[in-house]
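Report on one structure; see the data block that follows.
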Number of protein chains: 2
Amino acid sequence: MSLADQSPAAVLVFQTLLQHGPLSRAEIGRRTGLSPGAVTKAATPLIADGWITEAGRPSVERTTGRPATLIAVRAARARFAGVKVTGDELIGVLADLTAQPLASRRAPLGSRDVGTVVLAIGRLVDELREAAGLVESDAIHGIGVTIAGDVDGRTGHVQYSPFLDWRRVPLAQLVESGTGVPTVIENDVRALTVAEQWFGAGAGLSSFALVTVGAGIGAGLSVGGRVISGAHGVAGEVGHLPVGAIDRTCTCGNTGCVEAVASTHAITEQARQATGDPELTMAEAVRLAHAGDPAVRAVFTHAGHTLGLALASVANLIGPERIVISGEGVASYDLFADQIRQTFADHAFGAAADCDLVVRPLPFEEWARGGAAVAAQRVFAPVKQATAPFRPADPYGSVHA
Amino acid sequence: MSLADQSPAAVLVFQTLLQHGPLSRAEIGRRTGLSPGAVTKAATPLIADGWITEAGRPSVERTTGRPATLIAVRAARARFAGVKVTGDELIGVLADLTAQPLASRRAPLGSRDVGTVVLAIGRLVDELREAAGLVESDAIHGIGVTIAGDVDGRTGHVQYSPFLDWRRVPLAQLVESGTGVPTVIENDVRALTVAEQWFGAGAGLSSFALVTVGAGIGAGLSVGGRVISGAHGVAGEVGHLPVGAIDRTCTCGNTGCVEAVASTHAITEQARQATGDPELTMAEAVRLAHAGDPAVRAVFTHAGHTLGLALASVANLIGPERIVISGEGVASYDLFADQIRQTFADHAFGAAADCDLVVRPLPFEEWARGGAAVAAQRVFAPVKQATAPFRPADPYGSVHA
């Protein structure tokens with residue numbers, strides 16, 4: 001039986017166990033608000049169908065009464081593949097129901113042609129099956145493909161991918177047809193934010209932002225346990241906040257964008273101007289800056305200032321508990337870290353400056369795992385939800401952001 | 001019996017009726033996911049205690065079966081007073097359980113002394129009672145006081161009010177002691193956003209922002225039915241987004257803040273510089289701009305450009321369905337409307353530009369009503385909630401922002 005066919009109480013019990021790990025029935029009741037009888041009633045079909053299992057006794061002995069049995073999610077009950085697509089490579093991870101990785105593989109992309117990429121995704125999933133030692137009868141329950149750009153998870157279409165130069169590609173459907181496995185797609189930064197919220201630097205936080213700095217600059221914003229996706233599909237576009245210098249034009253056509261100053265490409269371009277060397281690479285710019293070249297250092301400092309303004313904007317608007325900074329750009333983070341922190345401290349308003357700034361290098365395998373997490377969530381957060389019940393905006397409840 | 005003592009199902013039924021108006025039992029079941037038996041079980045104590053009532057038959061006849069009885073919230077079951085405190089005036093509204101106004105009154109403030117203001121709030125609540133024709137036995141169930149600045153609703157302290165020059169004032173406790181009525185306090189813009197979400201321009205939207213332009217520039221952000229309040233108490237600080245010109249210093253000490261360019265005070269100051277008249281008032285600046293004075297017009301255009309950048313920042317980060325623009329500043333909105341819309345369209349990223357911009361003059365009585373709404377929500381959204389259940393970040397669910 002699919003989880004989607006279980007009762008709302010059963011789904012709630014399952015979600016609670018997934019988030020908190022093994023719990024006693026009494027603890028499940030406390031956390032869900034369900035009565036002991038309702039917990040038992042909800043758990044019974046989940047146990048019968050193998051979604052959860054009795055996992056033994058807690059290690060801390062209680063002083064009175066018999067020790068309570070713990071209940072836990074059965075991680076092996078389902079498997080999900082996550083694939084991140086970049087301009088020249090696929091990165092794949094096979095994960096269990098709790099998004100723990102079972103295997104990972106990479107595959108170069110010979111071409112950015114849609115058909116080639118779809119076939120390569122199918123092959124990569126087969127390789128992941130083999131690497132994890134799965135047999136013919138071991139099903140993969142879902143595939144989550146993540147990709148930079150404007151990705152509409154609802155329709156399964158990549159509306160626009162700048163790195164692949166794709167427009168309106170029905171990628172979810174194509175991968176699903178090719179593999180026979182239910183497939184979802186998601187913007188790569190948003191999928192990484194889902195993963196960080198579930199089992200990374202955002203776990204247990206009422207709100208956090210994940211800002212990625214690299215070829216592009218993006219962000220996922222998690223508020224009250226949900227990653228904001230925007231009423232019109234756009235959200236977290238930190239790279240296009242108009243806080244930058246207006247003397248540089250962004251790839252989007254505007255001036256003033258953060259991305260036009262602080263992306264890897266923008267830094268390389270500015271370092272070329274600063275040195276007069278039109279062939280300078282990012283790696284060389286980093287080396288020059290480390291060696292103390294003042295003109296190149298100034299480029300990084302300026303990028304750091306602009307990123308600091310962007311992070312302060314996020315803090316002043318959303319007030320997250322933490323901002324996690326990741327992406328390829330953090331490899332040279334030491335070159336602009338001081339300026340980011342200084343500018344952030346200057347421009348964060350009042351207590352917004354208490355927001356925790358954390359740098360976290362996340363390999364592309366973690367991004368791929370985000371795809372697996374998004375696919376897994378389809379199992380326990382069915383798409384066809386009822387309208388969300390009215391939750392009055394209680395400003396003092398557990399969700400502060 | 002307090003609503004807080006009702007079962008979770010009863011509270012859910014009540015909230016659903018409050019949001020949607022009269023519904024049949026079947027419709028309540030559909031919207032809450034409760035079984036018909038559970039709806040009846042939940043409704044019975046609510047009817048017995050007068051929170052809801054059977055309200056007659058729907059006007060549209062069903063073609064088969066007998067028409068269903070509608071159930072509705074009993075608006076008269078409870079009353080709440082909302083008071084907005086400004087630097088020189090109190091604005092009060094008495095409202096019923098559905099936040100419909102029963103009476104409104106204003107009272108000038110002779111002094112900004114805490115004791116004086118607390119006494120004046122008590123007197124204003126008495127006047128509201130009288131104006132609404134309440135008798136001795138008619139209880140007021142809660143008071144919501146709203147005030148600009150850093151207001152900590154959890155502790156009931158005004159941490160900092162720039163207009164009153166208050167710091168760390170335990171206002172909720174003082175008003176509650178003086179009146180004998182349970183009192184909550186909230187930041188005024190956030191309270192207005194709660195009101196707009198409940199029965200104003202934000203009703204039924206998955207997300208919206210309310211931006212107020214006047215003596216200060218602030219915003220309330222509603223995402224997924226909740227008004228964001230920030231992990232550290234700061235959120236929606238649109239006035240301190242660093243998108244403005246760096247040649248003006250903000251009251252917060254920074255340069256680049258929106259408020260330093262586009263607040264009423266900032267516009268007046270810039271118009272004085274532009275005209276060389278150190279005594280020029282805002283009203284005169286508006287008159288000169290309407291008369292076509294190019295230097296003063298340029299001040300408004302520049303303010304509009306900066307506001308447009310701020311709104312684009314909100315749209316790019318949050319992606320709200322709608323941005324509502326309000327505050328005293330909208331009285332002269334025609335002077336910068338074109339520039340706001342132009343700059344917003346230029347800098348909103350992709351589909352974020354589809355965000356609806358709406359101008360909505362809201363008198364201070366609506367702000368006071370926000371206080372009543374916040375007080376009312378305490379009744380049906382008890383403060384001591386259990387930890388919010390894990391809601392996996394389903395990016396495709398009903399909450400898009």
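Note on naming: letters A, B, ... go to the chains in the order of the sequence lines (proteins, then strands), and numbering restarts at 1 for each one.
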**Report entry** Largest heavy-atom contact set with chain A, pairs under 4.5 Å, which of B:A352, B:P242, B:G350, B:G253
**Finding:**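 That would be B:P242.
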**Report entry** Among the listed options B:A351, B:G244, B:A209, the residue most often paired with chain A at heavy-atom distances under 4.5 Å
**Finding:**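 Counting heavy-atom pairs under 4.5 Å, the top option is B:A351.
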**Report entry** B:N254 backbone acceptor or donor facing A:D346 side chain under 3.5 Å
**Finding:**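 No, the answer is negative, given that no donor and acceptor are paired below the 3.5 Å cut-off.
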Query raised in the report: Quick check: does any side chain N or O of B:N316 sit under 3.5 Å from a backbone N or O of A:L241, one acting as donor and the other as acceptor?
Result: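 No.
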Please report the interatomic distance [atom1]([X]) to [atom2]([Y]), rounded to the nearest 0.5 Å.
| X | Y | atom1 | atom2 | value |
| --- | --- | --- | --- | --- |
| B:H347 | A:E237 | NE2 | CD | 15.0 Å |
| B:L317 | A:H240 | CG | NE2 | 11.5 Å |
| B:E259 | A:F349 | CD | CZ | 7.0 Å |

**Report entry** Over all atoms of both residues, closest heavy-atom pair of A:A231 and B:P320
**Finding:**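 Distance-wise, the nearest heavy atoms are CB-C, 3.9 Å.
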Report task. Taking all heavy atoms of B:H232 and all of A:E321, pick out the closest pair and write down the distance. Result ->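 Shortest heavy-atom separation between B:H232 and A:E321 comes out as NE2-O, 3.7 Å.
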Query raised in the report: Which residues, numbered in order, of residues 305-313 of chain B come under 4.5 angstrom of chain A by heavy-atom distance?
Result: B:L309, B:S313
Requested in this report: Name the region of A:A315, side chain, backbone, both or neither, that has any atom closer than 4.5 Å to a heavy atom of chain B.
Outcome: backbone
